[in-house]
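Quick caveat, the model's predicted, so the values are computed rather than measured.
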Amino acid sequence: MALDVRLIASEERKAWERSVGIPFLHPAADDPADDEQHWDQAPLDRTWAAVDGDRFVGNAAVFPRHVNLPGPAGGPCPVVPMAAITAVGVHPTHRRRGLLRRLMQAMLDDAVGRGVGVAGLQASEAGIYGRFGFGVATFAAERRIDPRRGGFLRPAPATEVRMLEPEEAEKVLPELFARTIARTPGQVDRTDGAWRYDVFQDLPAWRRGRSANFYAASDKGYVQYRSERTPDGARLHVRDVCATSPDAEAGLWRFLLDIDLVSEIVAHHRPVVEPLAFRLADPRALETTGVEDFLWLRVLDPAAMLSRRSYRAAGRLVLDVGAADAPLLDPDPAVGRWALDAGPDGATCRAATGSEPADLRLGVAELGTLLAGAASASTLAAAGRVEEVTAGALAAADVLFATDPVPFDTTGF
């Protein structure tokens, strides 16, 4: 029988869950709470399967989420709907048959039909999705520190931190998180389902031999961490350090560094530029053990997305956006020449007329990176991924798309 890609039916949910576990090498558990995690976040009409006869041989889904675009200096970021692509995989028995492409095409077609201007994903393999027009939008670093070397150059502001029971954390953390991410481009929101599944459900099967979650909060931020026994004492695995100000973040770090019996702290998903490094009396105490791409964005409506983000300076550019290496959409709504007029007071973007020559040539993936502010146009040009058509256009684009703070995301999906 011919291979098919289609939306699944309600009675096929369990088969779909089992299907997801095969390409990701973790067979579905029998825990009912684990089984329900997906359906708490993605509706059936955004959950697809690749089908061979009566068997699922691939899978994909979209969570309806929102992402922050770069905002004005000192102000909140514009927030736009995002098709958060997840659970994409093809069984090892059906590789090299075009199923990944068909699954991706179905999800992007659906997003365009819903009027969603951007899609996002986190890539299990970094070499796959650029050819479909996804560009890296945020990076994340892993850091390690021996708290015995964690003295600050200047004292942290006094911060009252309280430990929270899980029931208290459910009431406190979502509101604090929403406040802390409001001014950071690249941050993805957390729906009620995401909080339930990814934070508070805390199933033993997800702990990797570590403790249950600890939660601690001040009135301006919170931390979430687990502990792990080591020969030297304990290791803390920190997932979130979320604060509404630099001083509040310093106070939370001081709390973590002063916990007794801890010989090492591992902080996951931290910004590439880490303020903590500049607070330490011994900056070498903070080791970077890895940096990797995290959020990727695929622009579907350039006029809407470029009009929504903020710009710190005034300027005008015409961007000639070419097709992705492996185009999925016909026609691709991102491909074309786009005239951007932008400044601190707002921006407009529209299809360029024939009399408006291009200033820069780039691909859809590079447009996603520029939209987020993850790299400058000059950096992308140095990598051979942006072409300057009009002299001076790269310098103008660097000023126009400059983003502070750098884009950063703490939320997976």
Side-chain angles (χ1 to χ4, degrees), residues 1-65 82-114 116 119-132 134 188 191 193-194 196-199 201-208 294-296 298 326 328-329 411-413:
M1 296 180 67
L3 299 176
D4 190 19
V5 169
R6 60 168 174 81
L7 292 167
I8 72 167
S10 179
E11 63 272 16
E12 296 176 310
R13 295 192 304 172
K14 188 65 180 179
W16 188 89
E17 292 160 10
R18 290 194 296 269
S19 175
V20 172
I22 293 173
F24 287 101
L25 303 178
H26 53 78
D30 293 327
D31 191 319
D34 196 24
D35 292 345
E36 287 301 314
Q37 62 86 8
H38 174 82
W39 315 112
D40 220 11
Q41 302 184 68
L44 279 172
D45 65 354
R46 301 184 85 170
T47 302
W48 288 264
V51 185
D52 185 356
D54 60 352
R55 302 177 68 86
F56 286 174
V57 295
N59 34 262
V62 168
F63 293 162
R65 294 288 185 86
M82 180 183 75
I85 291 172
T86 188
V88 180
V90 175
H91 293 195
T93 54
H94 285 70
R95 296 171 67 246
R96 304 289 186 263
R97 301 195 197 184
L99 291 177
L100 172 63
R101 178 186 180 84
R102 292 175 64 184
L103 287 164
M104 294 297 297
Q105 184 175 25
M107 289 185 288
L108 294 185
D109 275 334
D110 178 80
V112 171
R114 294 172 186 269
V116 178
L121 56 77
Q122 275 119 29
S124 54
E125 296 181 64
I128 295 177
Y129 295 102
R131 60 196 173 104
F132 297 136
F134 287 83
V188 175
T191 62
R196 282 192 296 270
Y197 160 60
D198 202 29
V199 180
Q201 196 165 219
D202 198 15
L203 298 176
W206 302 347
R207 296 175 186 169
R208 302 179 183 177
F294 194 63
L295 177 67
W296 295 62
R298 206 288 186 188
L328 296 175
L329 303 173
T411 300
F413 47 86

Test item: [X] and [Y] side chains (from C-beta on) under 4.5 Å apart, heavy atoms:
X: Val88; Y: Leu100; value: yes
X: Val57; Y: Val90; value: no
X: Gln201; Y: Trp206; value: yes
X: Val62; Y: Val116; value: no
X: Ile8; Y: Phe56; value: yes
X: Ile85; Y: Met104; value: yes
X: Trp48; Y: Asp110; value: yes
X: Asp52; Y: His91; value: no

For [X] versus [Y], what's the shortest heavy-atom pair and its separation?
X: Ser19; Y: Gly58; value: OG-O, 3.7 Å
X: Glu125; Y: Tyr129; value: O-CD1, 4.3 Å
X: Gly130; Y: Trp296; value: N-CZ3, 4.0 Å
X: Leu121; Y: Ala123; value: CD1-N, 3.9 Å
X: Pro43; Y: Gln41; value: CD-O, 4.1 Å
X: Leu103; Y: Ala50; value: CD2-N, 4.2 Å

From CD (Gln122) to CZ (Phe134), nearest 0.5 Å: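 The CD atom of Gln122 sits 11.5 Å away from the CZ atom of Phe134.
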Would a distance-only check, ignoring hydrogens and angles, find a side-chain to backbone donor-acceptor pair under 3.5 Å from [X] to [Y]?
X: Arg102; Y: Leu3; answer: yes
X: Arg298; Y: Phe132; answer: yes
X: Asn59; Y: Ala87; answer: yes

